[in-house]
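Worksheet: the structure to be examined is printed underneath.
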Amino acid sequence: VAEELLAAVDIGGTKTTASVSGPQGILARVYQATRKRGDEGTIPRQVEYLVARACRNAGVVRARITALGISTASPFDRRDGHLVVVSPNICGGLARERELTPNDWTGIPLEEHLAGSYPTLRIGNDCITAAVAERLFGAGRGENDLVYVTWSTGIGAGAFVDGHLLTGKNDNAMHLGHTIMSWDFAGQPQCGCGGYAHLEALAAGPAIQREYGASPRQAFERYRAGEAKAQGVVRRLALIMARGLYNVVSLLDSRLIILGGSVSKNWDVLEPLVTGEFYAGFAPLTRGVIFRRSQLDEHLGDLAGLSLVMPEAWVAPWQDHRPWEQAPRQVVLEESAGEEGVGP
Ligand SMILES: [Zn+2]
């Protein structure tokens, strides 16, 4: 009997990756710019194409794939019971800045299109799947009460409570970035979703750009150099995030907070600021809460979707041998070649 093979796909606003794995490790990895032209079936077809190409690069037949796990930009909606991706970063029909998304899609029918193609298909948003991956293989191993938070150009989260992954009616649980951080909207920044005073609008990377007038990278550099303006902006950002995390822990009673994403890479600066404000909150809720940086940041593209479908028997050997660290190089597929392979 041939060994079981799994496919994993990560759909982001700019890039979509696919990989194929066997019990011993990752066999092939490919990626392409996320397609933004065509009809609403474009991205499901791109997923099929990338999985097929990953199989070809791995030298295995596509029919041996027993499960596909997809980690994707979100949120989701449901149509006729099937998950539909309604991300404004990909769907031009929902976007506020139309020039970045040259299509009129109002939803990507991922589940309906792909469900018949694989014995097992699981789809989760990029933060929920990251929480699963970190708990299996990263900073969250062995922890039943954890929240994973991405602090990047956006803010999102995924959580386990009592060892149970929170998903919700449309798999949109823990959209932390869209929680409201002020009762008064006057003078508050508008979020990409259209709301006001959302955590993402106040504390994600673009908030630094807006408040400081330069990139987050420059702001953190100048913070370290002691510049007062940069310090003011970063301190405020950290304080707002700390309050957002306090809200999370108040609701979920988490023990562990794992921070991933580009802004959180400045954890040397942010840790004392965030934790100082966080632990000043109501002690019975905040005492003993642990903060850790993500251990899988660079590997989530491979591991997030895969973690959704990984058989129990693979987990311990993967924990021991960490095969993602010896994964083959990621192969870029040219856009033109992709178009040929996909077809309408
Ligand atoms: Zn929002």
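Owing to the predicted nature of the structure, the values given are computational and were not obtained by experimental measurement. We count ligands from 1, going down the list as the structure has it; atoms in each ligand are counted the same way.
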What is the total of protein N/O/S atoms that are closer to the Zn ion (ligand 1) than 2.8 Å? 4
Take atom CZ in Arg122; do more than 12 heavy atoms of anything else shown fall under 6.0 Å from it? no
Determine whether Val132 and Val9 fall in the same hydrophobic cluster, where Ile, Leu, Val, Met, Phe, Trp and Tyr are linked whenever their side-chain heavy atoms lie under 4.5 Å apart. no
Could you tell me whether Arg78 atom CZ has more than 12 heavy atoms of other residues or ligands within 6.0 Å of it? yes
Test ring pair (Phe, Tyr, Trp, His ring centres under 6.0 Å) on Phe291 and Phe278; report intermediate values, then the result. CA-CA 10 Å; Phe291 289 78; Phe278 177 86; 5.0 Å; yes
Go through the steps to decide whether Arg236 and Glu277 satisfy the test salt bridge (Lys or Arg N to Asp or Glu O under 4.0 Å), and finish with yes or no. CA-CA 11 Å; Arg236 182 165 181 274; Glu277 176 67 16; over 6 Å; no
The ring pair (Phe, Tyr, Trp, His ring centres under 6.0 Å) partners of Tyr196 (sequence neighbours excluded) come to none
